[in-house]
Amino acid sequence: MDKIRIHGGHPLSGSIKISGSKNSALPILAATLLTREPCTIHRVPDLSDTNYMVQILTHLGAQVERASGTVSVTADRVESLAPYDVVRKMRASVCVLGPLLGRCKEATVSMPGGCIIGDRPIDLHLKGFEALGAAVRVEGGNVKVFAPRLRGAVINLRGKFGPTVLGTDNVMMAAVLTEGTTVIEGAAQEPEVVDLANFLNKMGAKIEGAGTRRLIIEGVRELHGAEHDIIPDRIEAGTFLVAGAICGKGITVERVEPGHVEAVTNALASCGFRIESSARSITVSSNGQTSPLELVTDPYPGFPTDMQAQMCALLSTNDGISVITENIFPQRYMHIAELKRMGAQMQLEGATAVIQGVDRLFGAPVMASDLRASAALVLAGLKAEGVTEVSRVYHIDRGYERLDEKLSELGAHIERVKGT
Ligand code: EPU
């Protein structure tokens, strides 16, 4: 397995272009199953997760072509069964359930397992399908949803941890081809949900309220092909901003939507970093003074859980005592033990991490456990004295396009060591 080796302590400077959003691209690719006509999606990031989605679409019968960031899909005929072998590699494959149910009126998809960041149930997705009139059965590790006829309904998708992103996506994709009006209350407001709704509307869907807590969906008989540009990845942008804060002389992220990363730029500004935004770019720099921070992860527009690990890495060397509380995935703290091996001082109290800033981190061999935890270890490695080797790099390749190459362009001493 590949490793990433970092010689820490080298300042970063310059600018970097942000790729298309992974978490927009996955449901948008799934949405192409809703029409027989060709769809063309631009700025699809080249990641193992988007490759898995392409495999799933192909398995379901779609014709897919991929060339430098553009994916063309024609789902002339589709199968409604996505088995374990195809689905097990990526939890987000569950987002083919909604489009298959909408188009075929039935879908069987292997149940996603738990993952390192927590239990990750899909009860709210299924509750939404049932409200539209589908029957749901879980048999032999598969979830089967079917309904000869679906009807619009009022559905509240808010769960005990707040709204669900892929649950909102899934029910919205089933509802666009459902007779009557569907109202989703407690909808997720994430920019990726808005991007999906915009794409569906280009296909002829009638969705109002995207970006608010209430979606109103007027069902239509069929959808047509469409062309779409994926929005910039706000988590990749946030990760590079933290890289700039942690060891930058001043770095600029380009091709970004500053409004989408406001929670992150506000947090960085609150702990002493200088932020300058223009229409499509953000520059972060430091005057050498840092202060501690209290941070709580929340659904959008709150601080994203997908940036929590990276902030742990940053705050580990900020002055004073910082406190982070994880409200979305309370167990998402696998990076803490690894950061401590690099000299960080942090304690977990339930879903809260208490971080005592230290003067220095030290390079060490560390192990990536999930996508964002891996990013945090790379960031800590950039700051640490000596050599850090991050193993299990496949987690990073799931969600960051060329992370090592982009950091190297900014001046990091980072290399990928091929596994034997
Ligand atoms: N939840 C339920 N029941 C459900 C669905 C969710 O209780 O049926 C709970 C979850 O356990 C969690 C909370 O609701 O506590 C929110 O989960 P959500 O459903 O919003 O997560 P998701 O849609 O499965 C997406 C992103 C994640 C991101 C979360 C939260 C994609 C492909 N994944 O997951 O991204 O952390 O929203 O913003 O869009 C990542 O990119 O690293 C990543 C994990």
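Numbering of ligands and ligand atoms starts at 1, following listing order. If you're wondering where the values come from, they're calculated on a predicted model, not measured in any experiment.
A donor and an acceptor atom, one from each side chain of Q63 and T74, are nowhere located under 3.5 Å apart. Using modelled atom types, one finds no donor on one side chain facing an acceptor on the other under 3.5 Å when comparing R234 with N23. K406 and S19 share a side-chain donor-acceptor pair at under 3.5 Å.
Evaluation of the ring-ring contact (aromatic ring centres under 6.0 Å, His included) rule for H224 yields no partner, not counting sequence neighbours.
Interface atoms of ligand 1 facing H125, defined by a heavy-atom separation under 4.0 Å, are 8 (O). Those atoms of ligand 1 that come under 4.0 Å of a heavy atom in P121, given as number and element, are 2 (C), 3 (N), 4 (C), 5 (C), 6 (C), 7 (O), 8 (O), 11 (O). Counting atoms of ligand 1 from 1 in the listed order, those under 4.0 Å from a heavy atom of K22 are 40 (C), 41 (O). Residue L371 approaches ligand 1 through these ligand atoms, each under 4.0 Å from one of its heavy atoms: 42 (O). Near R91, the atoms of ligand 1 lying under 4.0 angstrom from a non-hydrogen atom of the residue are 24 (O). Per-residue contacts place A92 under 4.0 angstrom from the following atoms of ligand 1 (heavy atoms of the residue considered): 32 (C).
Taking a cutoff of 4.0 Å between a charged side-chain nitrogen and a carboxylate oxygen, D306 and K22 do not qualify as a salt bridge. Note on E179 versus R149: salt bridge recorded, some NZ/NE/NH1/NH2 to OD/OE distance being below 4.0 Å.
Using a 4.0 Å cut-off between heavy atoms, I328 contacts ligand 1 through both its backbone and its side chain. Proximity of T305 to ligand 1, defined as any heavy-atom pair under 4.0 Å, is confined to the side chain (atoms from C-beta onward). Within the 4.0 Å heavy-atom criterion, the part of D306 lying near ligand 1 is the side chain and not the backbone.
Distances from ligand 1 to the non-hydrogen atoms of E326 include no value under 4.0 Å. Contact between P163 and ligand 1 is present, with at least one heavy atom of the residue lying under 4.0 Å from the ligand. In this structure, G399 has no heavy atom closer than 4.0 Å to ligand 1.
Sequence neighbours left out, the pairs with a member in residues 339-358 that pass side-chain hydrogen bond (donor to acceptor under 3.5 Å, both in side chains) are T325-T352.
Note on ring orientation: taking the six-membered ring where Trp is involved, the planes of F199 and H228 are tilted (angle from 30° to 60°).
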